[in-house]
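Take a look at the structure set out below.
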2 protein chains.
Amino acid sequence: MASNQLSGSLDLLLLSVLERGEAHGYAVIARLRDVSGDAFDLPEGTVYPALHRLEADGLLMSRWDSSTGRRRRAYSITDSGLAALGEKRREWKAFSQGVQAVLGSLSRPGRPAQAAL
Amino acid sequence: MASNQLSGSLDLLLLSVLERGEAHGYAVIARLRDVSGDAFDLPEGTVYPALHRLEADGLLMSRWDSSTGRRRRAYSITDSGLAALGEKRREWKAFSQGVQAVLGSLSRPGRPAQAAL
DNA sequence: CCAGATACCTAGATTGTCTAGGTATGGCCA
DNA sequence: TGGCCATACCTAGACAATCTAGGTATCTGG
């Protein structure tokens with residue numbers, strides 16, 4: 001995916017990772033990179049503000065964790081977050097099926113001329 | 001899809017529709033609405049500027065069509081546009097597979113706690 | 001004759017993501 | 001022990017994409 005275009009599904013990705021359990025920002029980034037096979041290598045400047053926003057919206061909550069010596073902010077998903085995740089999953093499904101429908105029904109090299117005039 | 005978030009695949013959708021053959025803006029909108037089962041009902045203020053941009057980038061070309069009495073600008077895809085469409089299709093595939101990977105591998109209700117700390 | 005669908009357009013608001021900076025600590029190796 | 005790199009966090013502002021909200025004009029059906 002060359003240069004990143006997260007598009008609008010960043011929240012979906014973050015909430016999905018955190019559905020699994022508590023994680024801190026840096027780990028979320030690494031997780032997304034690994035699971036997606038390097039498709040998503042998100043800049044910190046994208047992820048941290050998004051986590052803050054999701055927390056401000058009540059979809060995540062956080063605590064400071066000093067157990068490892070190094071200071072980390074550990075995020076976990078709230079009930080609202082789980083609900084929002086469900087909704088965003090539905091939206092993603094509708095969206096990707098919509099794209100698929102357009103690609104599938106129109107992009108096959110049918111008769112090339114005078115389609116929709 | 002509640003309130004629209006085309007996100008970054010607008011070009012892909014427009015080029016896909018026009019791959020089939022010449023069409024004017026209003027028809028492109030209708031086509032997307034129909035094919036996607038109402039998932040995509042794009043505002044004109046989104047589509048017209050996008051068509052202009054794609055033409056300025058050389059991916060589309062247009063001509064005025066007065067054959068129906070009503071004035072219409074008919075767009076068709078160029079060779080560059082076809083090449084760009086191929087590329088955007090690859091990008092979409094990588095992106096949606098990436099999302100799918102994240103949803104699939106992480107969103108199943110596995111062990112819930114202490115995932116990535 | 002009028003309403004509503006067709007058909008086009010643009011300026012500016014809004015929003016999301018990224019760039020580009022910054023700080024600080026821990027671990028490793030020379 | 002000193003230095004470097006990875007880890008870990010943060011923010012301001014740039015930039016780009018999409019949408020809102022207006023506008024014009026023509027054709028069609030009732």
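Every chain is numbered from 1 and lettered A, B, ... according to where its sequence line falls, protein lines coming before strand lines.
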Can a donor-acceptor pair be found, under 3.5 Å and without considering hydrogens, that links the side chain of B:Thr78 to the backbone of B:Gly58?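 Yes, the answer is positive, given that a donor and an acceptor are paired below the 3.5 Å cut-off.
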
Do B:Asp65 side-chain atoms and B:Ser67 backbone N/O form a donor-acceptor pair below 3.5 Å?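 Yes, because the side chain of B:Asp65 sits within donor-acceptor range (under 3.5 Å) of the backbone of B:Ser67.
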
Measure from the side chain of A:Pro43, starting at C-beta and using heavy atoms only, and say which of C:dT19, D:dC10, D:dT20 lies closest.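 Nearest listed nucleotide: C:dT19.
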
A:Arg72 side chain: which of D:dT7, D:dT18, C:dT6 is closest?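 The listed nucleotide nearest to A:Arg72's side chain is D:dT7.
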
Check the distance between [N]'s [atom2] and [X]'s [atom1] and give it to me in whole angstrom.
X: B:Tyr26; N: D:dC27; atom1: OH; atom2: C1'; result: 12 Å
X: B:Arg63; N: C:dA7; atom1: CZ; atom2: P; result: 14 Å
X: B:Arg33; N: C:dA7; atom1: CZ; atom2: C1'; result: 13 Å
X: A:Leu10; N: D:dA17; atom1: CG; atom2: C1'; result: 16 Å
X: A:Leu42; N: D:dA8; atom1: CG; atom2: P; result: 16 Å
X: B:Arg53; N: C:dC9; atom1: CZ; atom2: P; result: 15 Å

Passes side-chain contact (heavy atoms from CB on, under 4.5 Å), B:Leu18 versus B:Leu51? Steps please. CA-CA 11 Å; B:Leu18 290 167; B:Leu51 291 172; 4.2 Å; yes

Hey, is the side chain of [X] poking within less than 4.0 Å of OP1 or OP2 on [N], counting only N and O atoms?
X: B:His52; N: C:dT10; value: yes
X: A:Arg70; N: D:dA6; value: no
X: B:Arg71; N: D:dT24; value: no

Contact list for DNA chain C against residues 44-51 of chain B - heavy-atom distance below 4.0 Å: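 Residues of residues 44-51 of chain B under 4.0 Å from DNA chain C: B:Glu44, B:Gly45, B:Tyr48, B:Pro49.
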
Working to the nearest 0.5 Å, report the span between CD of A:Glu19 and CD1 of A:Ile77.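 Those atoms lie 6.0 Å apart.
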
DNA chain C: A:Asp11 or A:Thr68, which has the more 5' nearest nucleotide?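 Result of the comparison: A:Asp11.
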
